[in-house]
Amino acid sequence: MATERTLSIIKPDAVAKNVIGQIYARFEAAGLKVIAARMQHLSQREAEAFYAVHKERPFFKDLVGFMVSGPVMIQVLEGEGAIAKNRELMGATDPKKADKGTIRADFADSIDANAVHGSDAPETAAAEVAFFFPGLAIYSR
Ligand code: RTP
Ligand code: MG
């Protein structure tokens, strides 16, 4: 499998719970390397632009409202099959349906406050990395 990069966000609920380190430890244990990172409190416009693919969905307003409710931790993860690996670590969107031992099963409260975001395909990963880290140095060694 090829080395990939994926965009990960630790959402406001998990930042508020003080579990950034525990989530990073899971990335590291799975062989994913943090090669860029920034804590940021997203503006309404930034959150709407980031989640623009969902703008016609009924949950869009709640999703954006939640994402601007507090600071988030944004990172680029690099590793073998990083996109799928991160999605596996995250677990299902609804924490009630997430497998035991996944980030969402262990740290998320609801489908809205679900602890983490992860890119879902190579095209979205490339676009999402560029959205938050345009032209920024990314340290892979
Ligand atoms: P994410 O994009 O945040 O990594 O989550 P995901 O791929 O697992 O889920 P996605 O379908 O992309 O939805 C984005 C976020 O919107 C909220 N959502 N609510 N009420 C609902 O039916 C519903 N569906 C999705 C979730 O917070 C989800 O993470
Ligand atoms: Mg998604």
Side-chain angles (χ1 to χ4, degrees), residues 1-140:
M1 203 179 278
T3 299
E4 292 176 338
R5 289 175 176 179
T6 191
L7 196 278
S8 159
I9 302 177
I10 300 178
K11 296 186 179 184
D13 58 320
V15 172
K17 278 185 185 167
N18 198 25
V19 293
I20 293 171
Q22 292 186 61
I23 293 173
Y24 269 39
R26 291 176 184 218
F27 297 151
E28 292 170 0
L32 295 177
K33 187 169 186 181
V34 176
I35 60 164
R38 177 171 76 251
M39 189 176 251
Q40 187 174 332
H41 196 144
L42 299 178
S43 68
Q44 185 83 15
R45 274 177 74 158
E46 286 166 328
E48 285 174 359
F50 181 72
Y51 278 117
V53 289
H54 294 310
K55 69 174 180 294
E56 305 304 335
R57 309 283 286 277
F59 57 79
F60 182 69
K61 203 162 167 271
D62 287 347
L63 171 60
V64 169
F66 174 65
M67 291 301 286
V68 303
S69 67
V72 297
M73 189 74 199
I74 309 162
Q75 45 282 324
V76 179
L77 305 176
E78 185 178 80
E80 290 282 297
I83 298 164
K85 197 176 271 181
N86 181 44
R87 297 287 300 192
E88 259 170 54
L89 294 175
M90 289 163 59
T93 309
D94 181 352
K96 291 200 288 287
K97 296 179 184 152
D99 288 342
K100 257 183 103 178
T102 60
I103 293 168
R104 282 168 167 164
D106 291 345
F107 300 121
D109 297 321
S110 68
I111 195 164
D112 296 306
N114 65 358
V116 279
H117 164 84
S119 308
D120 57 13
E123 301 72 32
T124 50
E128 291 177 2
V129 168
F131 182 91
F132 281 116
F133 297 96
L136 193 81
I138 289 185
Y139 301 98
S140 40

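Bear in mind the structure is a predicted one, so any value in this text is a computation, not a measurement. We count residues from 1, following the sequence as given. Excluded from the calculations below are hydrogen atoms, water molecules and symmetry mates; all remaining heavy atoms, backbone and side chain alike, are included. Whatever order the structure lists them in is the order used to number ligands and atoms, beginning at 1.
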Student: Please list, by chain and number, the protein residues whose heavy atoms come under 4.0 Å of ligand 1.
Tutor: K11, Y51, H54, F59, L63, R87, M90, T93, R104, I111, D112, N114, H117, G118
Student: Would K33 and E78 satisfy salt bridge (charged side-chain N to carboxylate O under 4.0 Å, His left out), going step by step from the backbone distance to the final call?
Tutor: CA-CA 5 Å; K33 187 169 186 181; E78 185 178 80; over 6 Å; no
Student: Show the atom names and distances, to 0.1 Å, of all donor-acceptor pairs under 3.5 Å that link a side chain in residues 98-108 to residues at least two apart or in another chain.
Tutor:
residue : atom : partner : partner atom : Å
T102    : OG1  : D99     : O            : 2.7
T102    : OG1  : A105    : N            : 3.3
R104    : NE   : N114    : O            : 3.1
R104    : NH1  : G91     : O            : 3.2
R104    : NH2  : V116    : O            : 2.8
D106    : OD2  : R26     : NH1          : 3.1
D106    : OD2  : R26     : NH2          : 2.8

Student: Do the side chains of F59 and I111 get nearer than 4.5 Å, heavy atoms only?
Tutor: no
Student: Is there a side-chain contact between V15 and I20 (heavy atoms, below 4.5 Å)?
Tutor: yes
Student: Decide yes or no for Y24 and V34: does some side-chain heavy atom of the first lie under 4.5 Å from some side-chain heavy atom of the second?
Tutor: yes
Student: Is the Y51 to F60 ring centre distance short of 6.0 Å?
Tutor: no
